[in-house]
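What follows is a set of notes on a single structure, which appears directly below.
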Amino acid sequence: MMKIPIVKLYKVEGESMAPTFKPGNLLLGSALIKPKIGHVVVVSRNPIIIKRIKDINDQGIWVEGDNSSASTDSRQYGYVSLGSIESVIFMKLA
């Protein structure tokens, strides 16, 4: 049986979530929080990405970076599936 961590630590890389989160910031996320519009989430892609949910509908979840000029997100690759959401960020540590 696979165990899912209740809380997971993430490190921000890149400028796509600036000014909210900057490179090097440490964030805590949980898979137990139900994703909602406005939440910042970790999306399982290669590599993982941290983005904000802008829309949820039958097509999936639309995510965008807060810094649109430095973000690759749903504007390029479309909706992501609910199953690709690894965690919802709930705290910035540093």
Side-chain angles (χ1 to χ4, degrees):
M1 185 168 130
M2 186 172 135
K3 292 185 179 183
I4 299 173
I6 294 173
V7 174
K8 192 169 178 185
L9 181 67
Y10 298 94
K11 185 175 182 181
V12 176
E13 296 180 14
E15 297 283 342
S16 73
M17 288 302 293
T20 308
F21 303 122
K22 297 177 182 170
N25 284 158
L26 298 176
L27 311 175
L28 289 179
S30 174
L32 301 178
I33 301 170
K34 182 179 178 182
K36 296 180 182 176
I37 293 173
H39 280 166
V40 174
V41 294
V42 178
V43 181
S44 295
R45 291 182 65 86
N46 190 11
I48 63 165
I49 58 172
I50 299 172
K51 305 293 178 196
R52 187 175 306 279
I53 296 176
K54 295 291 189 170
D55 186 38
I56 301 173
N57 63 34
D58 293 341
Q59 296 178 59
I61 299 176
W62 187 271
V63 295
E64 293 181 9
D66 288 353
N67 181 1
S68 61
S69 66
S71 183
T72 301
D73 51 38
S74 288
R75 291 171 285 201
Q76 286 78 38
Y77 50 72
Y79 284 88
V80 297
S81 69
L82 178 61
S84 69
I85 303 298
E86 182 176 306
S87 290
V88 173
I89 299 300
F90 66 89
M91 182 182 291
K92 175 180 161 185
L93 296 176

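Start at 1 with the first residue, then count along the sequence.
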What one should report as the nearest heavy-atom pair of G14 and P23 is O-CG, 3.2 Å

Sorted by chain and residue number, the salt bridge (Lys or Arg N to Asp or Glu O under 4.0 Å) partners of K8 (sequence neighbours excluded) come out as E86

What residues form a side-chain hydrogen bond (donor to acceptor under 3.5 Å, both in side chains) with S74, not counting sequence neighbours? none

Rounding to 0.5 Å, atoms OG (S16) and CG (D66) come to a distance of 8.0 Å

Can you name the closest pair of heavy atoms from S71 and Q76 and give their distance? O-OE1, 3.6 Å

Approximate separation, where rounding is to 0.5 Å, of H39 NE2 and I33 CD1: 7.0 Å

Can you tell me how far the CG atom of L9 sits from the CG atom of L26, to the nearest 0.5 Å? 5.5 Å

Can you tell me how far CG of N67 sits from OG1 of T20, rounded to the nearest 0.5 angstrom? 9.5 Å

Linking directly or through intermediates, with side-chain heavy atoms under 4.5 Å: list the remaining ILVMFWY members grouped with Y79, chain and number order. W62

Can you name the side-chain hydrogen bond (donor to acceptor under 3.5 Å, both in side chains) partners of S68, sequence neighbours left out? none

Please report the interatomic distance CG(L82) to CD1(I61), rounded to the nearest 0.5 Å. 4.5 Å

Distance-only, no hydrogens or angles: does the R52 side chain make a donor-acceptor pair with backbone N or O of E64 under 3.5 Å? no

With sequence neighbours excluded, tell me which residues meet salt bridge (Lys or Arg N to Asp or Glu O under 4.0 Å) with R45. none

Which hydrophobic side chains are connected to Y10, either touching it within the sub-4.5 Å cutoff or through other members that do? V12, M17, F21, L27, V40, V42, I48, I50, I89

Spacing of I56 atom CD1 and I85 atom CD1 [to the nearest 0.5 Å]: 8.0 Å

Heavy-atom nearest pair, K11 first then G24, reads CE-CA, 3.9 Å

Which heavy-atom pair separates D73 from V63 by the least distance, and what is that distance? CB-O, 3.3 Å

